[in-house]
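Below: the structure, in structure tokens.
Note that the structure is predicted; figures quoted are calculated from it, not measured. Residue numbers count from 1 along this sequence.
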Amino acid sequence: MEWYWIAAIAIGLIVLLMGLSVPVAIAFFTVSALGALWVSGEPGLEQIAVNAPASISSYAFVPIPLFLLMGELFFHTGVATRVFDAFDALFGRLPGRLSYVTVASGTAFAALSGNSMGNTAMLGSLLVPEMTRRGYKKHMSMGPILGVGGLAMIIPPSGLGVLLGSLAMIDIGKLLIAGVFPGLILAALYALLIYIQVRIDPEAAPQYEVEPVPLVRKLLLIASQLLPMGVVIFAVIGLIVLGIATPEESAAFGVLGVLVLAAVFRTLTLRAVIRALTGALRVTCMVLFIVIASYAFTQILALSGATRSLVDSVATIELAPLLLLLVMFLILLVMGMFMDVVSIMLLTIPIFFPLAQSLGYDPVWFGLVMLLTLEISMVTPPFGLGLFVMLGVAPRGTTLGDVSKAAAPYVVCDLILFALLVIFPSIALFLPGLME
């Protein structure tokens with residue numbers, strides 16, 4: 001059987017099983033077991049069991065549970081709320097103040113949590129009711145949250161970035177650091193968008209009386225609430241860039257930093273630690289289970305010759321590398337409307353990364369572009385997962401159309417960043433280049 005039929009049948013079976021509500025990992029295990037039996041004639045489950053320890057017993061996976069624990073501690077100890085309150089006080093009477101607060105605090109939360117869905121859900125539950133009470137229109141309250149909720153994908157420490165780097169076998173430290181400048185550019189584009197929206201329609205974010213905050217109080221908030229958080233971010237990012245610590249070590253510093261912050265703020269409780277450990281353990285087990293399934297699926301594609309044949313076939317097609325990049329972008333975007341991000345990674349990484357490398361694209365750069373594309377897919381109408389998360393925490397009467405309209409301008413900002421990364425790859429590769 002030709003390689004493309006093998007790939008089409010394998011991917012088709014996985015999509016069918018997931019459409020029948022079979023868990024992602026189980027769907028991949030099932031198809032991998034059947035594929036192993038078909039390709040090699042040996043029992044598939046036995047091969048998966050034999051290869052499972054090797055697929056996850058890698059030092060590169062250490063940052064995953066540590067980054068997850070850091071994010072869980074950040075939320076459960078109440079440090080996140082303190083950061084939000086500090087930003088709220090610093091912005092004073094600025095028109096559209098709460099929208100700017102959302103971008104600023106959301107960017108900080110993304111840097112510390114690394115969880116896109118959690119970021120969106122937390123910001124939505126905290127800010128949307130308050131902005132609605134203040135008379136903000138829906139696109140001004142929900143739009144910024146949908147935008148910065150996805151920043152967690154590219155601003156380190158990105159949990160999905162660690163997973164993508166592990167699955168694609170690229171340098172995780174460089175991939176994490178590559179997202180710093182693009183993430184900050186995206187946050188700036190969001191802030192500019194809010195400014196334009198408020199200037200066009202001042203009633204979209206009505207001004208209201210705010211108790212003035214003296215300069216001394218602002219400086220105290222910066223020193224006591226934001227500066228310590230900045231130290232934690234430096235511990236995670238700066239130590240990697242300076243070559244002082246590996247991603248694994250910096251992740252441990254990040255956990256320690258949040259613990260120290262919570263202790264200083266007197267919010268570190270046994271209950272918060274237990275809830276954080278439980279949440280991190282649950283997600284870590286799920287991620288490692290998925291990695292085993294992905295490794296098995298990748299082996300089947302390699303044994304069948306599908307991956308190598310696809311790369312060879314594309315190499316013979318006279319299409320510009322940029323055009324093929326756009327084709328992969330569109331495929332990821334369409335898949336993101338109907339599937340969760342992890343499933344998309346599992347399906348596309350074994351095929352897209354060898355293809356991208358054959359086209360001459362830097363794997364770190366391509367990994368970041370892939371993360372950005374997955375971020376865009378999360379808020380792309382009508383089925384982006386981020387839209388449904390926001391719909392779940394939005395006020396009663398909010399429709400999917402309202403959420404989609406709020407997200408649309410922020411998708412445009414994402415596309416602008418995508419174009420900038422294609423035109424100026426150094427935006428992503430400058431910091432990783434310092435690590436060499």
Side-chain angles (χ1 to χ4, degrees), residues 74-75 78-113 115-116 118-152 155 183-215 217-230 232-233 261 265 379 386 389-390 393-395 403 406-407 409-410 413:
F74 181 61
F75 289 116
V79 176
T81 304
R82 285 177 171 268
V83 172
F84 165 72
D85 291 340
F87 277 120
D88 187 33
L90 290 174
F91 278 96
R93 300 182 180 182
L94 183 69
R97 176 174 66 100
L98 291 179
S99 295
Y100 288 110
V101 168
T102 300
V103 172
S105 58
T107 302
F109 294 164
L112 286 179
S113 73
N115 186 309
S116 299
N119 215 29
T120 302
M122 189 201 71
L123 291 172
S125 59
L126 281 177
L127 297 176
V128 170
E130 177 64 16
M131 285 194 274
T132 302
R133 188 174 69 84
R134 297 290 184 181
Y136 279 57
K137 293 184 178 179
K138 291 180 179 179
H139 70 277
M140 293 298 297
S141 62
M142 296 186 295
I145 296 172
L146 288 165
V148 299
L151 272 174
I155 286 187
L184 294 176
I185 291 172
L186 194 55
L189 288 173
Y190 290 163
L192 178 61
L193 173 61
I194 293 169
Y195 174 79
I196 294 172
Q197 288 177 324
V198 172
R199 290 297 300 267
I200 293 175
D201 182 13
E203 294 302 315
Q207 288 186 283
Y208 54 90
E209 287 300 319
V210 180
E211 184 178 345
V213 179
L215 178 60
R217 171 64 177 163
K218 289 184 177 180
L219 293 176
L220 183 61
L221 284 172
I222 293 174
S224 62
Q225 308 292 337
L226 300 184
L227 188 59
M229 183 198 67
V232 174
I233 295 176
L261 278 183
F265 294 150
V379 292
V389 173
M390 175 55 65
V393 298
V403 179
Y410 292 86
C413 292

Mind listing the closest non-hydrogen atom pair of [X] and [Y] along with its distance?
| X | Y | value |
| --- | --- | --- |
| A187 | V103 | O-CG1, 3.6 Å |
| A406 | P409 | O-CD, 3.5 Å |
| C413 | Y190 | CB-CE2, 3.7 Å |
| V232 | L261 | CG2-CD1, 3.6 Å |

> With no hydrogens and no angle check, is any side-chain donor or acceptor of S99 less than 3.5 Å from a backbone partner on M140?
Replying inline: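 Confirmed, S99 side chain pairs with M140 backbone.
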With rounding to the nearest 0.5 Å, note down the distance linking [atom1] in [X] to [atom2] in [Y].
| X | Y | atom1 | atom2 | value |
| --- | --- | --- | --- | --- |
| Q197 | L192 | CD | CG | 10.0 Å |
| M131 | L98 | CE | CG | 6.0 Å |
| R199 | D201 | CZ | CG | 12.5 Å |

> With a 4.5 Å limit on heavy-atom distance, are the side chains of L146 and Y410 in contact?
Replying inline: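 A side-chain contact is absent here, since even the closest heavy-atom pair is not under 4.5 Å.
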>> Do I185 and L189 make a side-chain contact, defined as non-hydrogen atoms from C-beta onward lying under 4.5 Å apart?
In response: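 Yes - at least one pair of side-chain heavy atoms lies under 4.5 Å apart.
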>> Please determine whether the number of non-hydrogen atoms from other residues, nucleotides or ligands lying under 6.0 Å from atom CZ of F265 exceeds 12.
In response: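 Buried by this count: over 12 neighbours within 6.0 Å.
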> Could you walk me through whether M390 and V379 pass the side-chain contact (heavy atoms from CB on, under 4.5 Å) check?
Replying inline: CA-CA 10 Å; M390 175 55 65; V379 292; over 6 Å; no
